[in-house]
Amino acid sequence: MADQIRVRFAPSPTGYLHVGGARTALFNWLFARKMGGKFLLRIEDTDRERSSPEHTQVILDGMAWLGLDHDEDIVFQGAGLERHQAIADQLIESGHAYLDDGATRFRIPDESISWDDAVLGNVTFDGAGIDDLVILRSDRTPTYNFSVVCDDIEMKLTHVLRGNDHTSNTPKQIAIYNALGATIPTFGHVPMIHGIDGKKMSKRHGATAVGDYRNEGILPAAMRNFLSLLGWGTGDDRELFFKAEELIEAFSIKGIQKKAAVFDPAKLEWMNGQYISHMKPEDLYPLVSQGLSAEGLTPEAKGKERLMSAISAVAERARSVHVIPERVALRLNPQTISLDEKATGFRNKNVEAFNQGLSLSLECLDETDEPWTPDVIGDQLKAAALTAELGVGKLMQPIRIALTGMTVSESVTDLLPLIGKEESLKRLREALNWD
RNA sequence: GGCGGUAUCGUCUAGGGGUGAGGACGCGGCCCUCUCAAGGCCGAAACACGGGUUCGAUUCCCGUUACCGCUACCA
């Protein structure tokens, strides 16, 4: 039986989780979960200037938000200092490294170094063209390429899936593995993520941190799904994986692309909308409960059923989770309606017709004793429109605007019962008095 | 500069020696319809360039170009 697969994600705690790093973490996680292996986390905190527990926490929060749970204890690279130093000294003794101006330099052999990359295929470098690298600075702190190898060995990794920017580091690291007599893991270099201009993702492109998208109302599952499709494909046309298990099941290193992928926010938004509208309101609720509570919108205050139907009415048209609380409040809390730009435009086009529509609607809605259900309301409004020889839209759109201040909403016949008779009629009357 | 990598619609991708080069986002149109969203249908939109190999290359090989990365006592 083959050894259990062990992979890792090894971020530097720089204060935010970059989407590129998150995507690399995601691939490792998917691979580990798919293969029944272990997904480990190592914090590369050797740069003491930039590292802090707060920065580390940001990374951890980002991972947790995306649902990328890790196995075993988190490894802090800084804790391995003495071990790294000892290994470097050992390399001097074995003749693989030498002292140079106080630093310890590793000797790259003059031979061809190649490996079978899990995504790139066979890659070959000529060791003669690679400079000997410093592994221990003159202050005896280890450098990146060296500590990575020491820790990857220590953590018994079987696969190293990392960003494509490390491809050129790999021959150096392989030479160190060889000098140490260690087993070389399978390397896989996953493509970079670029901004819309084809350049490396940076602040110029706007949001680059996972936390930014969280703040913009992106759902973690949507983010995960979107990120997975950057540089990876199933081979068929499948794009939506609403459950993490489906994504894990579909994942394969074989489907990883070699070229860099451009991050397209428009597609992320579309995907987020897909997630929001496909989710049951009960599942959506925990993700927006904080915002809802701030508006006094709790199941206790509004009734669970009513709250859920408001959420689901609103979610159907939302591409960000952000708009949900305010729009639910618009329906379930008493409001004084103010018009948005489009609604103002619609009314101004013909104020008289607008008011006529409202009066007619008010008349038939106010006088009825029948229950306020979508069917009954629909029938009554249609009948009223027919009598007045108007299209139903001439009644519906003014009602919609009177109730919400917007030109867009769920069907008016659903909207009225949701808001409730008393509040609805109040808003309709107020709308007649708009100037 | 040297070394390494990459190259299919604007973007994410499928495919692969003979295809009408498929899907998705976005864009345009139509249907549905009280608006929007969702959904359905339709449309515009791609094999970087030049040489080979071959009966036939977008696919294989070589070169060019472009882009990315490494070339630090950064990570």
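Order of the sequence lines fixes the chain letters, A, B, ..., with proteins taken first and strands second; residue numbering starts at 1 for each chain.
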Novice: Expressed in angstrom and rounded to an integer, what is the separation of A:Asp117 atom CG from B:rG69 atom P?
Specialist: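 Between P of B:rG69 and CG of A:Asp117: 18 Å.
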Novice: Ignoring hydrogens and angles, tell me if any N or O in the side chain of A:Asp45 forms a donor-acceptor pair with the backbone of A:Gly78 under 3.5 Å.
Specialist: yes
Novice: Distances under 3.5 Å only, N/O to N/O: pair up the protein atoms with those of nucleotides 60-64 of chain B.
Specialist:
none

Novice: Do A:Thr167 and B:rG5 have a side chain to base donor-acceptor pair shorter than 3.5 Å?
Specialist: no
Novice: Answer yes or no: is there a side-chain heavy-atom contact under 4.5 Å between A:Ser252 and A:Phe31?
Specialist: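 No, their side chains stay 4.5 Å or more apart.
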Novice: Taking the side chain as every heavy atom from C-beta outward, state whether A:Met396 and A:Leu381 have any atom pair closer than 4.5 Å.
Specialist: yes
Novice: Spell out, as yes or no, whether a donor-acceptor pair under 3.5 Å connects the side chain of A:Asp414 to the backbone of A:Pro374.
Specialist: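 No; zero donor-acceptor contacts below 3.5 Å.
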Novice: From CG of A:Asp131 over to P of B:rU71, roughly how many Å is that when rounded to an integer?
Specialist: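 Interatomic distance, CG of A:Asp131 to P of B:rU71: 10 Å.
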Novice: State the pairing partner of B:rG1; accept Watson-Crick or G-U wobble contacts with both distances under 3.5 Å, and report none otherwise.
Specialist: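 The answer is B:rU71, by the H-bond criterion.
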Novice: Could you work out the separation of B:rG51 and B:rU59 based on their P atoms and round it to a whole Å?
Specialist: 13 Å
Novice: Looking only at atom C1', what distance separates B:rG43 and B:rA75, rounded to whole Å?
Specialist: 49 Å
Novice: Could you tell me the separation between the NE2 atom of A:His194 and the P atom of B:rC12, rounded to a whole number of Å?
Specialist: 10 Å
Novice: With a 4.5 Å heavy-atom cut-off, do A:Leu99 and A:Thr104 have their side chains touching?
Specialist: yes
Novice: What pairs with A:Arg6 under salt bridge (Lys or Arg N to Asp or Glu O under 4.0 Å), at least two apart in sequence or on another chain?
Specialist: A:Glu72
Novice: Can you measure A:Phe263 atom CZ to B:rA24 atom P for me and round it to whole angstrom units?
Specialist: 21 Å
Novice: Indicate yes or no: at least one non-hydrogen side-chain atom of A:Leu157 is less than 4.5 angstrom from one of A:Val7.
Specialist: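 Counting from C-beta outward, A:Leu157 and A:Val7 never come under 4.5 Å.
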Novice: By the 4.0 Å heavy-atom rule, please label A:Gly378 as base, sugar-phosphate, or nothing.
Specialist: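 Contact class for A:Gly378: none.
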Novice: Need one value for A:Arg105: base, sugar-phosphate or nothing, where a base atom within 4.0 Å counts as base even if backbone is also close, heavy atoms only.
Specialist: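 Result for A:Arg105 = sugar-phosphate.
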Novice: I need the residues from residues 240-259 of chain A with at least one non-hydrogen atom less than 4.0 Å from RNA chain B; give them sorted by number, or say none.
Specialist: A:Gln257, A:Lys258, A:Lys259
Novice: Checking all strands, does A:Gly129 fall into the base, sugar-phosphate, or nothing category for heavy-atom contacts under 4.0 angstrom?
Specialist: nothing
Novice: State, yes or no, whether a side-chain contact exists between A:Leu41 and A:Pro11 at a heavy-atom distance under 4.5 Å.
Specialist: yes
Novice: Quickly work out the A:Ile130 CD1 to B:rG4 P distance and round it to whole Å.
Specialist: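 After rounding, the gap between these two atoms is 10 Å.
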Novice: With heavy-atom distances below 4.5 Å as the criterion, would you say the side chains of A:Tyr275 and A:Phe242 are in contact?
Specialist: yes
Novice: Would a distance-only check, ignoring hydrogens and angles, find a side-chain to backbone donor-acceptor pair under 3.5 Å from A:Asp126 to A:Ala128?
Specialist: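 Yes; judged by distance alone, with no hydrogens or angles, the pair exists.
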Novice: Base, sugar-phosphate, or nothing for A:Asn169, non-hydrogen atoms under 4.0 angstrom?
Specialist: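 Base contact.
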Novice: Would you check if A:Pro13 and A:Val58 make a side-chain contact, meaning some heavy-atom pair closer than 4.5 Å?
Specialist: no
Novice: Side chain of A:Val123 only, heavy atoms from C-beta on: which candidate in B:rU71, B:rG23, B:rG4 is closest?
Specialist: B:rG4
Novice: How far, in whole Å, is B:rU71 from B:rA24 if one measures between their C1' atoms?
Specialist: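 B:rA24 and B:rU71 have their C1' atoms separated by 39 Å.
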Novice: Quick one: A:Phe76 CZ to B:rA75 C1', roughly how many Å, whole number?
Specialist: 17 Å
Novice: Would you jot down, in residue-number order, the residues of residues 209-216 of chain A having a non-hydrogen atom under 4.0 Å from RNA chain B?
Specialist: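 Heavy-atom cutoff 4.0 Å gives no residues at all.
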Novice: Using a 4.0 Å heavy-atom cut-off, does A:Ala266 contact any base of the nucleic acid, only the sugar-phosphate backbone, or nothing at all?
Specialist: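 Sugar-phosphate, no base atom in range.
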Novice: Would you mind pulling out the nucleotide paired to B:rG50, Watson-Crick or G-U wobble, both distances under 3.5 Å?
Specialist: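 Base partner found: B:rC62.
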Novice: A:Arg429 versus A:Leu362: any side-chain heavy-atom pair under 4.5 Å?
Specialist: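 SC-SC contact between A:Arg429 and A:Leu362 confirmed.
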Novice: With a non-hydrogen cut-off below 4.0 angstrom, is A:Asp101 in contact with a base, only sugar-phosphate, or nothing?
Specialist: base
Novice: Determine the interatomic distance between P on B:rA72 and the same-named atom on B:rG15; round to the nearest Å.
Specialist: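 Here B:rA72 and B:rG15 have their P atoms 39 Å from each other.
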Novice: Taking the six-membered ring for Trp and the full ring for Phe, Tyr or His, determine whether the centres of A:His159 and A:Phe27 are under 6.0 Å apart.
Specialist: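 No, too far apart.
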Novice: Please pick, from B:rC73, B:rC12, B:rU11, the nucleotide with the shortest atom-to-atom distance to any side-chain atom of A:Asp264.
Specialist: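 Of the options given, the side chain of A:Asp264 lies nearest B:rU11.
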Novice: Nearest whole angstrom, please: distance from the P of B:rU13 to the CG of A:Leu268.
Specialist: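 Taking CG of A:Leu268 and P of B:rU13, I get 14 Å after rounding.
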Novice: Provide the Watson-Crick or G-U wobble partner of B:rU33, both distances under 3.5 Å; none if there is no partner.
Specialist: none
Novice: Quick check on side chain to side chain contact (heavy atoms under 4.5 Å, CB included): which of A:Asn333, A:Leu292, A:Leu418 does A:Val328 satisfy it with?
Specialist: A:Leu292
Novice: Take atom P in B:rG50 and the same atom in B:rG40, then report the distance between them in whole Å.
Specialist: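 It comes out at 40 Å once rounded to the nearest Å.
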Novice: Do any N or O atoms from the side chain of A:Asp117 and from the backbone of A:His189 form a donor-acceptor pair under 3.5 angstrom?
Specialist: yes
Novice: With P as the reference atom in both, quote the distance from B:rC25 to B:rC67 in angstrom, rounded to an integer.
Specialist: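 Pairwise P distance, B:rC25 against B:rC67, rounds to 31 Å.
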Novice: Can you tell me how far C1' of B:rU13 sits from CZ of A:Phe226, to the nearest Å?
Specialist: 12 Å
Novice: Applying a 4.0 Å non-hydrogen cut-off, can you work out what A:Asp126 is touching in the nucleic acid: base, sugar-phosphate, or nothing?
Specialist: nothing
Novice: Pairing check on B:rG10: which nucleotide meets the Watson-Crick or G-U wobble criteria with it, both distances under 3.5 Å?
Specialist: B:rC25
Novice: P atom, B:rA21 versus B:rC31: distance in rounded Å?
Specialist: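 Those two atoms are separated by 30 Å.
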Novice: When you measure from the side chain of A:Glu326 to the backbone of A:Val323, do you find a donor-acceptor pair of N or O atoms at a distance under 3.5 Å?
Specialist: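 It does not hold such a pair.
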Novice: My understanding is that a pair needs two contacts under 3.5 Å, Watson-Crick or G-U wobble. By that rule, which nucleotide pairs with B:rC55?
Specialist: B:rG18
Novice: What pairs with A:Glu154 under salt bridge (Lys or Arg N to Asp or Glu O under 4.0 Å), at least two apart in sequence or on another chain?
Specialist: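 Salt bridge (Lys or Arg N to Asp or Glu O under 4.0 Å) check on A:Glu154 returns A:Arg83.
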Novice: Heavy atoms under 4.0 Å is the rule here; annotate nucleotides 27-41 of chain B 5' to 3' with B where the base is hit, S where only the sugar-phosphate is, and - elsewhere.
Specialist: -------BBBBSS--
Novice: 5'-most contact on RNA chain B: A:His166 or A:Lys172, nearest heavy atom basis?
Specialist: A:Lys172
Novice: Quantified in whole Å, what is the C1' atom distance between nucleotide B:rU11 and nucleotide B:rU65?
Specialist: 22 Å
